[in-house]
Amino acid sequence: MSATRMRMLSPRNFFSRSDVLLSGGGGARRPGGSQSVGSGGSVGSGVRSLTCPSLSSSPGRALSSLSTTRRGLPKEKMTENGVATRAKVLTIDTMNPTVKKVEYAVRGPIVQRAVELEKELSEGIKKPFAEVIKANIGDAHAMGQQPITFFRQVLALCSYPELLNDSTFPEDAKSRARHILQSCGGNSMGAYSASQGIDSVRQDVARYIERRDGGVSCDPDNIYLTTGASDGIVTMLKLLVCGQGSNRTGVMISIPQYPLYSAALAELGAVQINYYLNEEKCWSLDISELQRALDEARQHCNPRALCIINPGNPTGQVQSRQCIEDVIRFAAKERLFLMADEVYQDNVYADGCQFHSFKKVLFEMGPEYSNTVELASFHSTSKCYMGECGFRGGYMEIINMDNEVKAQLTKLVSVRLCPPVPGQALMDLVVNPPQPGEPSYANFIKERTATLSALAEKAKLTEQVLNTVPGIRCNPVQGAMYSFPSLTIPEKAVREDKGQQPDMFYCMKMLEETGICLVPGSGFGQRDGTYHFSLLTHTPFYPANKVKEFHQKFTKEYS
C-alpha cells in the first residue's frame with residue numbers, strides 16, 4: 001500500500017474537525033454513521049454520514065479500545081454535575097518515589113507550625129508569647145547579627161554602579177567594586193558568569209586557601225564557586241552515587257548530622273551509613289566507630305565516601321589535628337572519597353581548640369597521602385562572622401580528582417549555568433577583605449572581632465544555663481553555632497507523645513507554649529533511647545532561660 005494511501009487511512013485522517021459532532025447525549029459521531037459511547041444513547045439528527053473503511057482493523061481503533069490506564073494516560077473522573085475531568089498526571093502515587101523519602105528537619109513540621117503561629121500573632125490572636133524565636137537554623141541576620149559594613153558597601157556599589165560617584169563610600173570599597181565589575185560580563189552583576197565561577201574570584205579563593213594553610217599551593221582550576229556550600233555537597237554526591245542493589249553507593253555520615261546529607265542521599269537513592277559521634281567525649285570521632293559502621297555497611301552496599309563536618313553541626317565540636325590525621329589514614333586504607341564540610345571554620349571558641357583544614361593536614365602528612373587521597377572541601381558565606389545566608393555564596397576545592405571525572409564535574413555545574421553572581425562577589429570579599437592601611441580595615445576588624453566575640457559569649461552562656469537544668473545536659477560548645485543537649489523526658493510524656501517522636505512532642509509543646517522553635521534530635525539522628533534538641537546559640541540570650549523554665553514546667557506536668 002502506498003504511503004499516500006496509508007496517510008489517507010490513518011486514524012488521524014478519517015475525519016476532519018468539522019465532521020466530529022456531539023449528539024444530544026454528548027456522544028461523538030464517527031464517520032459511517034456510527035456513534036461513540038457518550039453519556040446518552042441517541043444519535044443527533046442532521047449529521048451527514050461519510051463513507052470510509054471500517055475501523056475494526058485499524059491500529060487506531062485497537063489503541064482507542066485500550067483503557068486509559070493501560071495506555072499510561074490519566075483516567076477521567078466525573079464531577080457532581082456530570083462533567084468529565086481528567087485526573088492529574090502527577091500524583092503522590094506517580095511522582096518520583098525518592099523525593100517522598102526526603103526529610104529536612106530544620107525546616108520540617110515544627111518550623112511550619114512556627115510560621116502558622118507568626119501569622120496568627122500578626123492577626124491579633126492571643127498567645128502566651130509575643131513573638132516566635134526561630135532557633136532552628138543558622139540564620140544569623142534573622143537573629144539580629146549585623147552585616148559587615150564593607151561587604152554591604154561593595155555589594156551596593158556593584159549592584160548600582162552610579163553610587164561609585166557618591167563621596168560617602170570609602171575609596172577601597174569603590175576600588176573593589178570596580179575590580180569585581182570588570183570581571184563581570186558587560187561590567188554588570190546581572191550577567192551570567194563562567195559556570196565554574198568568575199575567574200578572578202577563583203584566583204582570590206586560591207590565594208586565601210594558601211594563606212590559611214601556611215603556603216600549601218592551591219590551583220584556581222580546582223576551585224568551583226557554588227550556590228552556598230550545600231550546592232557543592234549535593235553536586236559531589238551526584239558524581240559519587242551509582243550502582244544497584246548490594247552494589248549501591250554508600251556514604252558515611254556522622255550521627256547527629258546536618259539533614260542536608262540524609263535528604264540528598266535519599267533523593268539520589270544512595271545508602272546512608274551512620275557512624276555515631278561520642279557524646280560522652282564531647283561529640284568526638286572514634287576511628288573504631290568508623291570501622292564498625294564501614295564493616296557492617298559492606299554487607300549490603302558499596303561504601304565510597306566519608307563525610308566530616310568540622311566544626312560540627314549540630315554538635316558544636318572541633319576535631320583535633322590528631323583526629324583529622326586518623327580520618328585521613330582511615331580513608332586512604334579503605335579507599336574512601338573524603339568530603340570535608342568546613343563552613344564554620346571561623347567559629348572556634350573553646351580554649352585549646354583550633355581549626356585545622358583537612359587539606360592542610362593532608363599535605364603535611366606527605367606524598368603518601370597528599371598524592372592519593374581524594375578530597376573535596378567546602379566553605380560558605382552563610383556562617384562564621386559573615387552570616388550572609390541569603391546571598392548563597394560558597395566554594396568547593398577538589399584534590400586528586402581523576403581528570404576525566406573533573407571534566408564531568410565541569411559539565412554538571414554547567415547545567416545550572418552559574419552560581420548567583422552577587423554570592424560570588426561576596427565570596428570574593430570574604431576571602432580578600434580589607435588589608436592593613438586601607439580606609440575600611442580598622443572598622444572591618446572591629447566588626448569582625450565584635451561579632452565573633454558575641455557568638456563565643458552566647459555559646460558559653462547557653463551551655464552554662466542549660467547545664468543548670470535537671471534533666472538537660474549540654475556539652476561544651478567548642479565551635480559552630482549550635483548546642484545539642486541531651487534531654488530526659490518523663491515516661492508519661494513518652495507514652496503520651498500522640499504518634500510523634502518524644503522529642504518532637506517536647507519541642508512542639510515548647511513552641512506552642514513559649515514561641516521558641518527548636519529542632520528535635522530525632523531530626524538529626526541520635527542513638528536509640530536518647531533524646532536531644534538543637535538550639536541555635538547566637539539567638540538573643542533569653543531563649544536558653546525560657547527553655548529552662550519550660551523544661552521545669554514540662555517535667556512537673558508529666559511526672
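All residue numbers in this chain count up from 1 along the given sequence.
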Cation-pi check, Lys360 onto Phe363 ring (under 6.0 Å, within 45° of axis)
no
Kindly indicate whether a cation-pi arrangement holds for Arg527 with Tyr276, taking the cut-offs as under 6.0 Å to the six-membered ring centre and within 45° of the axis.
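Here Arg527 passes the 6.0 Å and 45° test against Tyr276.
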Hey, what's the ring geometry for [X] with [Y], parallel, tilted or perpendicular (30° and 60° as the breaks)?
X	Y	answer
Tyr506	Phe533	parallel
His379	Tyr208	parallel
Tyr261	Tyr258	perpendicular
Phe444	Phe151	tilted

If the condition is salt bridge (Lys or Arg N to Asp or Glu O under 4.0 Å), which residues does Glu334 pass it with, not counting sequence neighbours?
Arg298
What's the spacing between [X] [atom1] and [Y] [atom2] if we round to 0.5 Å?
X	Y	atom1	atom2	value
Ser486	Asn475	OG	CG	7.5 Å
Cys323	Ile287	SG	CD1	6.0 Å
Gln319	Cys353	CD	SG	10.0 Å

Are any of the side-chain nitrogens in Glu512 or Lys127 under 4.0 Å away from the carboxylate oxygens of its partner?
no
Residue list, side chain to side chain contact (heavy atoms under 4.5 Å, CB included) with Glu457, at least two apart or on another chain
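Scan of Glu457 (side chain to side chain contact (heavy atoms under 4.5 Å, CB included), adjacent residues dropped) gives Leu461.
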Can you name the one residue among Tyr482, Phe378, Tyr385, Tyr349 that meets ring pair (Phe, Tyr, Trp, His ring centres under 6.0 Å) with Tyr344?
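Exactly one pass, corresponding to Tyr482.
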Go through it in stages, so that I can follow the logic: the residues are Lys553 and Glu557, the test is salt bridge (Lys or Arg N to Asp or Glu O under 4.0 Å), and I'd like the CA-CA distance, side-chain angles, deciding distance and then a yes or no.
CA-CA 6 Å; Lys553 178 183 175 184; Glu557 179 180 353; 5.9 Å; no
Verify, without hydrogens or angle tests, whether Arg416 (side chain) and Val413 (backbone) share a donor-acceptor contact under 3.5 angstrom.
yes
Closest non-hydrogen atom pair, Met396 against Thr235:
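Looking at all heavy atoms of both residues, the shortest contact is CE-CG2, 4.4 Å.
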Can Gln291 and Lys333 be counted as having a side-chain donor-acceptor contact under 3.5 angstrom?
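Distance-only check passes for Gln291 and Lys333.
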Provide the full list of salt bridge (charged side-chain N to carboxylate O under 4.0 Å, His left out) pairs with a residue in residues 373-394, sequence neighbours left out, each pair given once.
Arg152-Glu388
